[in-house]
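First the structure, in the form of structure tokens, and then the observations on it.
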Amino acid sequence: MESAAAAMRKASSQSSLADPDDFDLTRLLNHKPRINVERQRSFDDRSLSELSASGAAASRAGWGYGGAAESYESMYSPGGGLRSLCGTPASSTRLSFEPHPLVGEAWDALRRSVVSFRGQPLGTIAAVDHSAAGEVLNYDQVFVRDFVPSALAFLMNGEPEIVRNFLLKTLLLQGWEKRIDRFKLGEGAMPASFKVLKDPKRGVDKLAADFGESAIGRVAPVDSGFWWIIVLRAYTKSTGDVSLAETPMCQKGIRLIMNQCLAEGFDTFPTLLCADGCCMIDRRMGVYGYPIEIQALFFMALRCALLMLKPDGEGNKEMMERIVTRLSALSYHVRSYFWLDFPQLNDIYRFKTEEYSHTAVNKFNVIPESIPDWLFDFMPTRGGYFVGNVSPARMDFRWFALGNCVAILASLATPDQAASIMDLVEERWDDLVGDMPVKICYPAIEGHEWQIVTGCDPKNTRWSYHNGGSWPVLLWLLTAACIKTGRLKIARRAIELAEARLARDGWPEYYDGKLGRYIGKQARKLQTWSIAGYLVAKMMLEDPSHLGMISLEEDKAMKPVLRRSASWTV
């Protein structure tokens, strides 16, 4: 039987998967997982230096910044545990509590969104809505980024099959030839979405994938590959099954994604250069350049890839060395140049400009007059955050929730920085959370700036959609960050706000308004990731040990060694 790699048929992104393509996939799906029963240590707790030098595992580390979270580590048993009354896992009776009535309703809605491929659950479609006449209006694509909270919900509920199927099918899609007009995309590119097409004549299902050629603006999704790696690591953590990540297919898939991201070019920064619309904010919103969302996901994917690559695998040793080098540079760059708090804002306010040579303090030549007026009142004396973007002569001072939360979970933020981000959320609750968690970015852009930045986008008007809208899906990321930093009160408060309205409003995709009081003007109802985001937040709060599948502990080996650059002159 030919190998899985050879079975990846070159086809256009609108082609279907023929039966021969599924031979090795079927074998993998039916294969009994190899369970890693050694619970004293885990391959995702190794330090970067040890992995680079020998690939040996270090002793088990914790997964939280705060001491409150560490007490749950001893109770973590992947894939096991009791089930609470609401159908979610609970590690102990002590952690269980009376379920909210909304949980059962959310699970029913999530299960209705599951799509199957040839008799096997494959993923969840983006939304299942109903018209005024009762007609079902399916938003029937399975988006890679949208499926992430659904994957976590199923893993936390002890249902890993759908996640395993999703990981393997998207991996096969990665092997398709990807073209937009006459241009061929890189081998490592993952699809933004795919859909299952029914063929009644042949009696078989087909898959049709979108790698960006159908997206608004025709932008390839940079984040899809990162989320795929993160979900693979979460699957391995949750189930204890290391055999999937160690298959030649998955090892090659990880290497292809890493190769595409680590390719050498004209970059002078370790951050990843991106086009507008390449991530959750998939429309023109001025996030081109080096957006914090992509940098945080990039960092987390690098760390997860390093932990899952087998040191003795073909081409893996060199790849792991490249990852270690990039991680050190990336963590230093983001922690140093993207971080903003009151003292740093004051320093930027006093920056001199047009500095030249290695002695420059204002390394990116940020003009102090470019600091927006709102920031001086917004920045509290206690708190800080990673700004939206940093590039030559440009600093986007907007707050972006996803990037900052992922930075905490990946330990891109230091413990002090993570605590400061949570302080900022508390200090500026009305601005960043409001009446419906969580605001995707702050503040909204409007007037002439809106015209220039968005191109007069009618969907991204002020305090709507990506332009300061409130997205319930982000609730799971905020909750995870709260648990990791030991700030459970923030998570409980946010979840209570969501529970007061989500089901009553029909699980909308997003909310509008400065406080998030209004259902989004174009928001779809029964949005799957709004439902899954709530469930994941609820389950993590019920059993904080679930955080282990989506959080990485700080690696002390990433502290950079400062050396003179090659351009240093005496």
Side-chain angles (χ1 to χ4, degrees), residues 261-276 285-296 298-299 302 325-400 403-404 407 412-414 416-418 420-421 424 441-443 445 448-449 452-453 558-570:
C261 298
L262 299 175
E264 295 180 352
F266 292 96
D267 300 298
T268 55
F269 313 128
T271 41
L272 205 59
L273 182 62
C274 304
D276 228 339
M285 267 293 293
V287 298
Y288 62 89
Y290 305 90
I292 185 59
E293 175 177 336
I294 291 297
Q295 312 318 317
F298 181 32
F299 182 85
L302 285 170
T325 301
R326 189 60 165 263
L327 278 169
S328 179
L330 183 60
S331 61
Y332 175 78
H333 184 90
V334 175
R335 290 172 181 177
S336 300
Y337 303 124
F338 278 69
W339 182 251
L340 187 69
D341 54 16
F342 187 85
Q344 179 66 9
L345 177 59
N346 208 158
D347 289 343
I348 296 173
Y349 177 67
R350 292 168 51 82
F351 267 170
K352 295 179 180 179
T353 60
E354 310 301 328
E355 294 180 296
Y356 182 75
S357 87
H358 59 271
T359 60
V361 175
N362 185 2
K363 294 185 179 182
F364 295 92
N365 197 35
V366 176
I367 311 299
E369 285 73 17
S370 69
I371 302 174
D373 292 339
W374 64 264
L375 184 58
F376 294 104
D377 294 328
F378 173 78
M379 179 61 71
T381 54
R382 185 178 70 100
Y385 65 104
F386 292 111
V387 297
N389 218 310
V390 177
S391 58
R394 176 179 180 239
M395 185 173 281
D396 184 349
F397 292 97
R398 286 177 293 175
W399 151 275
F400 290 87
N404 277 272
L412 175 57
T414 66
D416 287 343
Q417 288 173 335
S420 291
I421 292 171
L424 181 72
C441 70
Y442 180 88
I445 53 178
H448 182 66
E449 184 183 15
I452 299 299
V453 172
M558 280 192 299
K559 291 189 175 179
V561 178
L562 299 181
R563 300 185 179 91
R564 287 185 175 186
S565 68
S567 60
W568 184 286
T569 56
V570 179

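L424 approaches P380 most closely through the heavy-atom pair CD1-CD, 3.5 Å. For the residue pair A418 and A413, the shortest heavy atom distance occurs at N-CB, 4.0 Å. Here the closest non-hydrogen pair linking M285 and R398 is O-NH2, 3.0 Å. Minimum interatomic distance between M395 and I348 (heavy atoms only, all atoms of both residues): SD-CD1, 3.8 Å. Nearest approach of G403 to A296, heavy atoms of both residues: O-CB, 3.5 Å.
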Given L340 and L375, is the side chain to side chain contact (heavy atoms under 4.5 Å, CB included) satisfied, shown in steps? CA-CA 11 Å; L340 187 69; L375 184 58; 3.9 Å; yes
CA sep, side-chain torsions, deciding dist, call: L302, L262, side chain to side chain contact (heavy atoms under 4.5 Å, CB included): CA-CA 10 Å; L302 285 170; L262 299 175; 4.2 Å; yes
For F351 and K363: C-alpha separation, side-chain torsions, deciding distance, then whether side chain to side chain contact (heavy atoms under 4.5 Å, CB included) applies. CA-CA 10 Å; F351 267 170; K363 294 185 179 182; over 6 Å; no
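In this structure, E355 and N365 have side chains that are not in contact, with every pair of non-hydrogen atoms separated by 4.5 Å or more. Side-chain atoms of P368 and T353, non-hydrogen and from C-beta on, do get closer than 4.5 Å to each other. V361 is not listed as a side-chain neighbour of D347, based on a closest heavy-atom distance of 4.5 Å or more. Between I452 and E449 there is no side-chain heavy-atom pair separated by less than 4.5 Å. Side-chain contact between F338 and T271: present, with at least one pair of heavy atoms (C-beta onward) separated by less than 4.5 Å. Two residues are said to be in side-chain contact when any heavy atoms from C-beta on lie closer than 4.5 Å; Y442 and F378 meet this criterion. Side chains of W399 and I421 form a contact here, defined as non-hydrogen atoms less than 4.5 Å apart. Side-chain contact check for Y288 versus N389: every heavy-atom pair is 4.5 Å or farther apart.
When the options Y290, F299, F298 are evaluated for a side chain to side chain contact (heavy atoms under 4.5 Å, CB included) with L272, the one that passes is F298.
Atom OH of Y356 has 12 or fewer heavy atoms from other residues, nucleotides or ligands within 6.0 Å. A 6.0 Å sphere centred on CZ of F364 holds more than 12 heavy atoms belonging to other residues, nucleotides or ligands. For CG of D373, the number of neighbouring non-hydrogen atoms (other residues, nucleotides, ligands) closer than 6.0 Å is 12 at most.
N404 contributes a side-chain N or O that, together with a main-chain N or O of F400, makes up a donor-acceptor pair within less than 3.5 Å. No donor-acceptor pair closer than 3.5 Å links the side chain of Y337 to the backbone N or O of S391. Counting only distance, with no hydrogens or angles, the side chain of S336 and the backbone of H333 share no donor-acceptor pair below 3.5 Å.
To the nearest 0.5 Å, the span separating CD on E369 from OH on Y349 amounts to 9.0 Å. Distance check, rounded to the nearest 0.5 Å: CG of L330 to CZ of R335 gives 9.5 Å.
Residues satisfying the salt bridge (Lys or Arg N to Asp or Glu O under 4.0 Å) criterion with D341, sequence neighbours excluded, are absent altogether.
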